[in-house]
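First the structure, in the form of structure tokens, and then the observations on it.
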Number of protein chains: 2
Amino acid sequence: MNKKVSLKDIAKAVGVSTALVSYVLNNKEKEARVGKQIAEVIRKKAAELNYQPNQIAKSLKSGKSFTIGLIVADISNPFFANIARTIEDEAKKNNYTVIFGSSDENAEKSQDLMDVLIKRQVDGFIIAPTEHTEAQINYLNASNIPFVLIDRYFPEIKTNYVITDNFKAAYQATSHLINNGYKRIAMIAYKSNLIHMQERIKGYTMAIKDHKVKSVKPLLFEVAYDHAELEIQKQIESLINGGQTIDALFFATNTLSIYGLKFLNNKRLKIPDDVAIVCFDEGDAFDFFYCPLTYVKQPLIEVARQAVKILVNQISHPKQDETQVLLDSDLIIRESSRKTK
Amino acid sequence: MNKKVSLKDIAKAVGVSTALVSYVLNNKEKEARVGKQIAEVIRKKAAELNYQPNQIAKSLKSGKSFTIGLIVADISNPFFANIARTIEDEAKKNNYTVIFGSSDENAEKSQDLMDVLIKRQVDGFIIAPTEHTEAQINYLNASNIPFVLIDRYFPEIKTNYVITDNFKAAYQATSHLINNGYKRIAMIAYKSNLIHMQERIKGYTMAIKDHKVKSVKPLLFEVAYDHAELEIQKQIESLINGGQTIDALFFATNTLSIYGLKFLNNKRLKIPDDVAIVCFDEGDAFDFFYCPLTYVKQPLIEVARQAVKILVNQISHPKQDETQVLLDSDLIIRESSRKTK
DNA sequence: ATATAATGTTTAAACGATTAAGTTAAAATT
DNA sequence: AATTTTAACTTAATCGTTTAAACATTATAT
């Protein structure tokens with residue numbers, strides 16, 4: 001690579017010290033009382049050489065990298081990809097750049113990522129934390145490294161977070177099914193102690209308990225993240241074969257929905273006649289599944305916006321109290337959960 | 001933020017010079033003939049203080065940031081999100097971190113992104129270049145900054161690139177429709193001079209010309225990136241109302257497919273009976289549209305892998321010749337383009 | 001005329017790490 | 001005993017920037 005143009009090169013070309021060049025290019029002419037003519041000459045030379053300040057050197061000096069570390073489960077998951085995009089845009093507005101990494105819901109990978117990003121001196125983190133990463137979060141707290149959790153959080157740890165009301169959303173979704181006449185409503189969720197999943201499960205369970213329709217009992221199936229597709233197939237298969245008839249299915253995430261719906265298609269089950277469906281999260285697919293799908297629409301953009309806002313604020317005012325934001329989701333009702341006759 | 005632990009801190013705590021600490025922690029004890037005992041002490045202290053080397057300082061010294069800049073049109077587009085994920089994984093294997101940015105197919109944003117990333121001293125770029133960014137690419141070439149183009153490239157500029165054979169894929173897709181008996185095949189593409197789009201259009205046009213079925217004429221509709229959804233609706237609307245009957249539609253990208261299919265659904269057009277469909281790229285949706293969709297499956301993972309491989313190689317051996325990779329796509333044939341009776 | 005102030009510029013230290021070169025003391029060789 | 005070698009460590013320069021402090025001039029005030 002060609003040697004890049006540095007302050008020194010400009011200084012030499014113009015015949016002044018690097019200090020002067022620095023002052024001028026940082027618009028500190030007044031404070032530093034730089035001469036008008038020479039400032040112009042410096043500016044011209046900088047433009048002529050297409051000088052691009054070395055952000056790394058700046059960061060070293062200032063102790064600020066203007067970088068945000070983003071850790072999500074999987075950047076290729078549309079849910080996180082969408083959040084990432086908004087975070088990118090909002091970060092840019094504040095002159096921050098985003099470095100991202102996918103944890104795959106794996107605590108060890110999450111730790112590795114955190115280390116890499118800390119070494120790179122990110123000014124703060126936005127994290128969708130994985131199970132068993134409490135220690136990592138505690139470490140950030142202890143080190144006073146600013147961070148904001150999204151999507152999930154740890155109730156026992158005091159942190160910033162921006163999440164949606166998962167209990168409420170799941171309760172609402174389940175109630176909607178019940179009110180529409182469905183009696184055997186199953187839920188497919190991830191096997192996870194993470195709060196967002198637990199809250200969704202609680203919302204589902206509570207809704208079923210609250211509506212004192214005798215025939216409606218919770219039917220919860222939990223699948224492992226790493227073999228979700230296979231386990232879903234098995235669960236649904238056994239549901240069908242086992243004579244355990246269900247009339248509605250509530251999927252706890254977009255990925256689960258996709259796996260499940262694919263398999264239901266395979267099995268020639270018709271929605272909503274054979275089984276009604278409600279999904280969590282969006283997917284382009286949901287709009288034009290043969291039967292438009294009812295789903296919980298989380299305010300992704302708002303989550304991302306608030307997270308960046310809180311983080312940037314925290315970075316510039318470190319002594320702030322923790323900010324916790326709970327956002328509401330919308331239940332988008334469509335054909336897949338229509339009233340039984 | 002708590003002051004971070006530096007080499008100096010360890011040196012002071014142990015009572016040696018920073019040089020010694022650096023040698024030990026970089027496993028250069030032999031070359032530097034560091035004492036066995038003291039090396040142990042240093043290592044222990046480093047672990048005890050949870051020392052994380054400051055990558056920024058390293059980068060400044062070494063002139064290498066071990067960072068790859070990734071510029072795509074939109075990270076929230078599944079096509080790019082998937083590529084991004086593979087790039088992330090492959091980069092990590094080579095100790096690189098990825099900084100990303102979305103250009104929104106806008107040359108100015110692309111330029112801004114490039115500047116930001118250059119200031120951050122990325123060691124190289126992976127770019128899905130936007131229209132009118134020839135100057136930016138030329139600049140990279142002139143500055144000897146390593147980079148690899150993906151998805152698109154500029155035929156008149158000598159660069160590394162990894163792309164798929166868009167002409168072939170489109171030709172194949174169109175021929176498939178013709179062979180299955182469709183006679184009025186329209187294509188919806190982006191209004192763009194970018195090679196990937198032009199090749200897809202050429203493939204379509206050529207296939208139609210080659211198959212000397214008189215009744216088959218090219219019917220090409222080009223929509224602007226910024227108002228794609230609306231324009232597609234208008235185009236399809238006018239196709240329907242204008243009495244210009246079509247019996248098949250070929251969408252040039254996943255996003256176009258989604259917009260188009262949504263609208264076809266709205267208009268109650270049945271696939272494939274009213275109109276057959278072939279799409280470019282994947283989407284979860286394509287698996288379980290009421291009528292499983294025929295689509296061109298690009299080897300995304302391979303594109304990303306090769307791109308990282310070429311880039312990393314180029315970074316370490318700058319004088320290399322340009323590498324150009326052309327990959328084949330698969331046409332996944334399903335119900336949406338089945339034979340007419 | 002001389003002290004003081006204002007103006008314009010340079011010097012040098014610092015950020016945290018690396019590393020060639022220098023120093024010192026002990027061990028080996030003559 | 002004098003010299004050389006080896007081992008174990010330190011010094012100091014460097015990467016590109018920032019910025020307080022120092023240093024010259026020239027202008028203004030007394």
Side-chain angles (χ1 to χ4, degrees), chain A residues 1-43 45-46 49-67 118-123, chain B residues 1-43 45-46 49-67 118-123:
Chain A
M1 197 180 331
N2 290 350
K3 228 318 277 349
K4 293 207 178 117
V5 179
S6 74
L7 278 188
K8 215 190 266 181
D9 299 321
I10 300 177
K12 205 180 292 171
V14 176
V16 294
S17 69
T18 61
L20 214 51
V21 180
S22 173
Y23 287 130
V24 171
L25 298 183
N26 287 295
N27 300 310
K28 300 205 172 147
E29 304 167 62
K30 276 152 228 158
E31 300 95 299
R33 300 171 314 216
V34 180
K36 271 221 159 204
Q37 322 66 244
I38 200 75
E40 260 331 288
V41 176
I42 288 171
R43 248 186 262 281
K45 191 50 102 177
L49 298 178
N50 189 28
Y51 168 69
Q52 305 272 26
N54 184 326
Q55 178 63 39
I56 289 207
K58 278 192 172 187
S59 296
L60 181 60
K61 188 80 225 298
S62 67
K64 268 208 75 176
S65 66
F66 277 98
T67 303
I118 287 176
K119 283 178 199 152
R120 288 179 183 269
Q121 311 296 118
V122 296
D123 292 331
Chain B
M1 200 179 332
N2 290 350
K3 215 25 212 353
K4 293 210 179 114
V5 179
S6 72
L7 278 189
K8 215 191 269 181
D9 299 321
I10 300 178
K12 205 181 291 172
V14 177
V16 294
S17 70
T18 62
L20 214 52
V21 180
S22 172
Y23 287 131
V24 171
L25 297 183
N26 288 296
N27 301 310
K28 299 204 173 149
E29 304 167 59
K30 276 152 230 159
E31 300 96 299
R33 300 173 311 216
V34 179
K36 270 222 160 203
Q37 323 64 248
I38 200 74
E40 262 328 290
V41 176
I42 288 170
R43 248 185 262 282
K45 191 50 103 180
L49 298 178
N50 188 28
Y51 170 69
Q52 306 272 27
N54 183 326
Q55 178 65 38
I56 289 207
K58 279 192 174 186
S59 297
L60 181 59
K61 186 81 221 301
S62 67
K64 266 208 76 177
S65 65
F66 276 100
T67 302
I118 287 176
K119 283 179 199 152
R120 287 178 182 270
Q121 311 297 117
V122 297
D123 292 331

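Computation of the quantities below employed the complete heavy-atom set of this structure, encompassing side-chain atoms and omitting hydrogens, waters and symmetry-equivalent molecules. Naming: A, B, ... by sequence-line order, numbering from 1 per chain.
- Here D/dT10 presents its C1' atom at 15 Å from CG of B/Leu7, a figure rounded to the nearest Å.
- In this structure, the CD atom of A/Glu31 is 14 Å from the P atom of C/dG8, given to the nearest Å.
- Heavy-atom distances to DNA chain D give each of B/Leu60 and B/Ile38 a nearest nucleotide, and the one nearer the 5′ end belongs to B/Ile38.
- Counting to the nearest Å, the P atom of D/dT17 and the CG atom of B/Asn54 are 17 Å from each other.
- Distance A/Lys8 NZ to C/dT10 C1': 15 Å, rounded to the nearest Å.
- Nucleic acid contact for A/Lys58: sugar-phosphate only, since backbone atoms but no base atoms lie under 4.0 Å from a heavy atom of the residue.
- Here the nucleotide nearest the side chain of A/Lys61, chosen from C/dT10, C/dT9, D/dT17, is D/dT17.
- Between B/Gln55 atom CD and D/dC15 atom C1' there is a gap of 14 Å when expressed in whole angstrom units.
- For B/Ala19, the listed nucleotide lying nearest its side chain is D/dT11; candidates were C/dT9, D/dC15, D/dT11.
- Residue contacts for A/Ser22: at a heavy-atom cut-off of 4.0 Å it reaches a base atom on one of the strands shown.
- Annotation: B/Lys12, atom NZ; neighbour count of heavy atoms from other residues, nucleotides and ligands within 6.0 Å does not exceed 12.
- Mapping B/Ile56 and B/Tyr23 onto DNA chain C via the closest heavy atom, the residue that lands nearer the 5' end is B/Ile56.
- Nearest nucleotide to the side chain of B/Ser6, out of D/dT17, C/dA17, C/dT10: C/dA17.
- Distances were taken from every side-chain heavy atom of B/Tyr51 (C-beta onward) to each of C/dT10, D/dT17, C/dA17; the shortest belongs to C/dA17.
- Side-chain atoms of A/Arg33 lie closest to C/dT9 of the nucleotides C/dG16, D/dT10, C/dT9.
- Checking the phosphate oxygens (OP1, OP2) of D/dG16, no side-chain nitrogen or oxygen of A/Lys4 falls inside 4.0 Å.
- Between A/Leu20 atom CG and D/dA24 atom P there is a gap of 17 Å when expressed in whole angstrom units.
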